[in-house]
Each structure stands twice: as structure tokens, then as C-alpha cells.
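First up is the structure itself, then whatever we jot down about it.
Values below: all heavy atoms of this structure, side chains included; hydrogens, waters and symmetry mates excluded.
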Amino acid sequence: MDVALAEAQAAAARGEVPVGAVLVRGGVVLARAGNRTRELNDPTAHAEMLVIREACSAESSERLSGADLYVTLEPCPMCAAAISNARIARLYYGAADPKSGGVAQGPRIFDHPQCHHSPDVYDGLQEAASAALLRGFFAGRRG
């Protein structure tokens, strides 16, 4: 989770919403990224999507079976669907996202009957640090 937090901090430094993700299998980092939606002019360039794309490309596979995804914020519905489609085994996330979440909040993608794969989900990892980074970023934008 420390790697994901570092990626979130780097995203904030680029003016992006500070969300970071790291994809790991067997203790090996497959991919790491922070949000790049503004930089790439791409609304799908969330940290989760970027690491899934990178790892799938490196493995020449659309599936990431046995992989663990660490992300600083609860994934949105788009990212949750991609996590399911990639068959990621375990999802660990920091802060809950009551406004835009898709795992424990909102549409709860993994609970939907059309969801073909549900990862094991572990929430609240370094929640305080993840939430503080987001609060600080948005306070700076408003103030």
C-alpha cells in the first residue's frame, strides 16, 4: 500500500486527483500508476485502469489471475468492472468513496448478478493516509 500511496502523491504533484494503484503477484510488482486523466485527456485513465492495462499488455493476456490490486481509494464502477473482467484475485483499498465508489458504495459491482468474478475485498488499508491525501488535495483546490 505504501507504493500505491507514493503513486497517489505523485499524481497530486501532477495536478491529478491523488489516487494510486499497484498490481502485485507473488511479491512481484506487475505495474504501478497514479491517475492520469488530465494529463492524457482520457476519462478512463484512472490508476486502476492504467495498471490493469500495463500488466495485461506485459503478460499478453486479458486475465490477471492470482494478482492483488492495492489502490488508495475505493474503485469506481468502471474500475470495479475492469477488476472483475481481469479476474484479479484480491482487491485492497484505503479510503471509501461514498460519492463515486462502486465496491461498497453505489452500485456494488461485485454483488451484481451479472458480475462473472468477484475478488476478495479488503478495505480500510491505510485509510487515514489515503483520505488525508484526498482531503488535502481538494482543500487546496477550493481554497
Side-chain angles (χ1 to χ4, degrees), residues 1-138 140-141:
M1 195 58 144
D2 290 334
V3 174
L5 279 166
E7 288 293 335
Q9 291 165 341
R14 293 189 304 270
E16 299 279 357
V17 174
V19 177
V22 61
L23 196 56
V24 179
R25 186 187 299 121
V28 176
V29 173
L30 303 175
R32 58 189 287 171
N35 277 357
R36 292 187 179 275
T37 59
R38 289 184 173 98
E39 176 186 342
L40 299 176
N41 300 311
D42 179 355
T44 70
H46 292 194
E48 303 95 306
M49 299 296 283
L50 295 172
V51 296
I52 290 169
R53 287 178 190 146
E54 182 179 335
C56 285
S57 179
E59 295 194 355
S60 298
S61 176
E62 76 280 10
R63 303 258 170 104
L64 298 168
S65 301
D68 300 329
L69 176 63
Y70 294 83
V71 62
T72 57
L73 182 65
E74 176 184 353
C76 72
M78 172 185 69
C79 293
I83 290 164
S84 175
N85 288 333
R87 306 299 196 265
I88 290 171
R90 286 163 296 279
L91 167 65
Y92 301 86
Y93 69 87
D97 189 352
K99 183 179 176 185
S100 301
V103 176
Q105 316 287 322
R108 300 179 186 203
I109 298 299
F110 303 138
D111 293 337
H112 196 280
Q114 289 178 316
C115 181
H116 298 294
H117 169 77
S118 297
D120 296 331
V121 177
Y122 305 90
D123 62 355
L125 271 69
Q126 295 194 26
E127 181 176 12
S130 297
L133 187 58
L134 287 157
R135 274 193 307 274
F137 176 81
F138 286 112
R141 307 283 267 185

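- Annotation: side chain of Val17 is in contact with side chain of Arg38 (closest heavy-atom distance under 4.5 Å).
- Side chain of Asn35 to main chain of Ala47: a donor-acceptor pair is present (N/O by atom type, distance under 3.5 Å, no hydrogens or angles).
- Of the possible polar contacts, none joining the His117 side chain to the Ala86 backbone as a donor-acceptor pair under 3.5 Å is found.
- Residues Asp97 and Gln105 come closest through the heavy atom pair O-CG, 3.3 Å.
- The shortest non-hydrogen separation linking Ala67 to Leu30 is CB-CD1, 4.3 Å.
- If you take OG1 on Thr44 and CZ on Arg36, they are separated by 13.5 Å, rounding to the nearest 0.5 Å.
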side-chain contact (heavy atoms from CB on, under 4.5 Å), that's the test. Do Tyr122 and Arg90 meet it? Break it down for me. CA-CA 8 Å; Tyr122 305 90; Arg90 286 163 296 279; 4.0 Å; yes
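- Between Leu133 and Gln9, the closest side-chain pair of non-hydrogen atoms falls below 4.5 Å.
- A distance-only check finds a donor-acceptor pair linking the side chain of His112 to the backbone of Gln114 [under 3.5 Å].
- No donor-acceptor pair closer than 3.5 Å links the side chain of Ser100 to the backbone N or O of Cys76.
- Between the side chain of Arg87 and the main chain of His116, no donor-acceptor pair closer than 3.5 Å is present.
- Looking at heavy atoms from C-beta onward, Val71 lies in side-chain contact with Leu91 at the 4.5 angstrom threshold.
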Kindly indicate, with the supporting measurements, whether the criterion side-chain contact (heavy atoms from CB on, under 4.5 Å) is fulfilled by Leu50 and Glu7. CA-CA 12 Å; Leu50 295 172; Glu7 288 293 335; over 6 Å; no
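- Under the 4.5 Å side-chain criterion, counting only non-hydrogen atoms from C-beta, Pro18 is in contact with Leu134.
- Of all heavy-atom pairs between Ala82 and Met49, the closest is CB-SD, 3.5 Å.
- Applying the side chain to side chain donor-acceptor pair (under 3.5 Å) criterion to Asp120, with sequence neighbours excluded, gives no partner residue.
- Scanning for side chain to side chain donor-acceptor pair (under 3.5 Å) contacts around Ser84 gives an empty result, with sequence neighbours left out.
- Glu59 places no side-chain N or O within donor-acceptor distance of the main-chain N or O of Leu64, the cut-off being under 3.5 Å.
- Residues passing the ring-ring contact (aromatic ring centres under 6.0 Å, His included) test with Phe110: none are found, sequence neighbours excluded.
- The shortest non-hydrogen separation linking Gly102 to Ala80 is O-CB, 4.0 Å.
- Ile109 contributes atom CD1, which lies 11.5 Å from atom CE of Met78 (distance to the nearest 0.5 angstrom).
- Using a distance-only test at 3.5 Å, with no hydrogens or angles considered, a donor-acceptor pair links the side chain of Glu74 to the main chain of Ala104.
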Go through Val3 and Tyr70 one step at a time and tell me if the side-chain contact (heavy atoms from CB on, under 4.5 Å) criterion holds. CA-CA 9 Å; Val3 174; Tyr70 294 83; over 6 Å; no
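- In this structure, Leu69 CG and Tyr92 OH are separated by 10.5 Å, a value rounded to the nearest 0.5 Å.
- Summarising the geometry, atom OG belonging to Ser130 is positioned 8.5 Å from atom CG belonging to Leu125; distances are rounded to the nearest 0.5 Å.
- Pro75 approaches Cys79 most closely through the heavy-atom pair CB-CB, 3.9 Å.
- Rounded to the nearest 0.5 angstrom, Ser118 OG and Ile88 CD1 are separated by 12.5 Å.
- Under the 3.5 Å distance criterion, the side-chain polar atoms of Gln126 are left unmatched by any main-chain donor or acceptor of Leu5.
- Residues Ala21 and Val51 come closest through the heavy atom pair O-CG1, 3.7 Å.
- Without hydrogens or angle criteria, Arg53 side chain to Ala45 main chain gives no donor-acceptor distance under 3.5 Å.
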Could you please spell out the steps behind the side-chain contact (heavy atoms from CB on, under 4.5 Å) verdict for Glu16 and Thr37? CA-CA 7 Å; Glu16 299 279 357; Thr37 59; 3.3 Å; yes
